[in-house]
Amino acid sequence: MKIDPTRYAGRPADPAGRIPQELACYDLLDQLGIPYDRVDHDPADTIEDCVAIEEYLGAPICKNLVLCNRQKTAFYLLLMDGQKPFRTKELSAQIGSSRLSFAPPEEMARLLDVTPGSATILALMNDKDHQVRLILDKSVAEADLFGCHPCINTSTLRLSMGEMREKFLPHLGITPTVVDLPGQL
């Protein structure tokens, strides 16, 4: 994977080649006065790819999982520590929803306007009807800094969780649910 070793402050100087969803992320962060740093790279499809990016970003990149119940009537965006294993049983018990699975790509596109590998807390700005419930693992909710994609997995942003909780989520009218997922098996 090729990673541009430069950590940029703020939005790209040249928007050429950037998708509208990515540019909308920068627009909203700038509008809300939320500072961010950016690292550009080849598509990062896995947490293993993200581990390499963390060195340049200077912050841990969290897993962003879009989940749903069996009936596809309840949807969730889970942000959790990238090194923790995901076990549906642990999450289901804490949020009162059984039989969770990964949401299909078409639902991710419909609800958040993202593709698999590009899910992010920033995509909640596209969920105008608040159909996706935000779930934060305690370790992410309490982190100072975290990394996530700007609705495309060819860039990763370093953001302050405090700024996101104080400015971004209230702007969207979202109150996250905090869970405490175990680390080791």
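The figures here come from the full heavy-atom set of this structure, side chains too, leaving out hydrogens, waters and symmetry mates. Being a predicted model, the structure only gives us computed values, none of them experimental.
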Roughly how far, to the nearest 0.5 Å, is [atom2] of [Y] from [atom1] of [X]?
| X | Y | atom1 | atom2 | value |
| --- | --- | --- | --- | --- |
| C62 | E54 | SG | CD | 9.5 Å |
| M161 | L169 | CE | CG | 7.5 Å |
| C50 | K63 | SG | NZ | 10.5 Å |
| D42 | K2 | CG | NZ | 7.0 Å |
| Y36 | S160 | OH | OG | 14.5 Å |
| M125 | L112 | CE | CG | 10.5 Å |

Answer whether the closest heavy-atom distance between the side chains of [X] and [Y] falls below 4.5 Å.
| X | Y | result |
| --- | --- | --- |
| S155 | R38 | yes |
| L122 | C148 | yes |
| C68 | S101 | yes |
| M164 | I121 | yes |
| C25 | E22 | no |
| V132 | L124 | yes |
| D30 | R11 | yes |
| R133 | T177 | yes |

Practice item. Verify side-chain contact (heavy atoms from CB on, under 4.5 Å) between D113 and M108, making sure each step is shown before the conclusion. Key: CA-CA 6 Å; D113 201 16; M108 292 177 62; over 6 Å; no
Practice item. Indicate whether the side chain of R18 and that of T154 have a donor and an acceptor atom separated by less than 3.5 Å. Key: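 Per modelled atom types, R18 and T154 side chains form no pair under 3.5 Å.
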Of all heavy-atom pairs between [X] and [Y], which one has the smallest distance, and what is that distance?
| X | Y | value |
| --- | --- | --- |
| P150 | L157 | CB-CD1, 3.9 Å |
| P176 | R165 | CG-NH2, 4.3 Å |
| R87 | P182 | NH2-CG, 3.2 Å |
| L32 | F168 | CD1-CA, 3.8 Å |
| P35 | E163 | CD-OE1, 4.0 Å |
| S98 | N69 | O-CB, 4.3 Å |

Point to revise | Intermediate values then yes/no, side-chain contact (heavy atoms from CB on, under 4.5 Å), H41 and T156 | key: CA-CA 8 Å; H41 45 76; T156 304; 2.7 Å; yes
Exercise for review: Please identify each residue that fulfils ring pair (Phe, Tyr, Trp, His ring centres under 6.0 Å) with F75, with sequence neighbours left out.
Suggested key: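 Expected list: none.
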Check your understanding: Is I152 linked to V114 within one hydrophobic cluster, defined over Ile, Leu, Val, Met, Phe, Trp and Tyr using a side-chain heavy-atom separation of less than 4.5 Å?
Key ->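 Hydrophobic grouping puts I152 apart from V114.
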Review point. With hydrophobic residues grouped by side-chain heavy-atom distances under 4.5 Å, do Y8 and L29 end up in a single group?
Key: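 Different clusters: Y8 never reaches L29 through Ile, Leu, Val, Met, Phe, Trp or Tyr contacts under 4.5 Å.
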Other hydrophobic cluster members with [X], side-chain heavy atoms of Ile/Leu/Val/Met/Phe/Trp/Tyr under 4.5 Å, chained?
| X | value |
| --- | --- |
| I135 | L65, L67, Y76, L78, M80, F86, L91, I95, L100, F102, V179, L181 |
| I53 | M1, I3, V39, Y56, L57, I61 |
| I47 | V51 |

Check your understanding: Crowded around R70 CZ? As in, over 12 foreign heavy atoms under 6.0 Å?
Key ->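 12 or below, so no.
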Point to revise | Over 12 non-hydrogen atoms of neighbours within 6.0 angstrom of CG in D144 | key: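 It does not: D144 CG has 12 such atoms or fewer within range.
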Point to revise | Intermediate values then yes/no, side-chain hydrogen bond (donor to acceptor under 3.5 Å, both in side chains), S92 and R99 | key: CA-CA 7 Å; S92 293; R99 310 281 273 179; over 6 Å; no
Exercise for review: Give a yes or no on whether a salt bridge exists between D37 and R7, defined as a side-chain N under 4.0 angstrom from a carboxylate O.
Suggested key: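 Yes, this pair counts.
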Point to revise | Derivation of the side-chain contact (heavy atoms from CB on, under 4.5 Å) call for L145 and L159 | key: CA-CA 6 Å; L145 299 171; L159 294 160; over 6 Å; no
Exercise for review: Using the test side-chain contact (heavy atoms from CB on, under 4.5 Å), find all partners of S139 that sit at least two apart in sequence or belong to another chain.
Suggested key: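 Residues passing side-chain contact (heavy atoms from CB on, under 4.5 Å) with S139: D81, K84, D137.
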Review point. Please, which pairs that meet side-chain hydrogen bond (donor to acceptor under 3.5 Å, both in side chains) have at least one residue in residues 118-131, sequence neighbours excluded?
Key: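 Found none.
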Review point. Is a side-chain donor or acceptor of R158 paired with a backbone partner of A59 at a separation under 3.5 angstrom?
Key: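 Answer holds: no.
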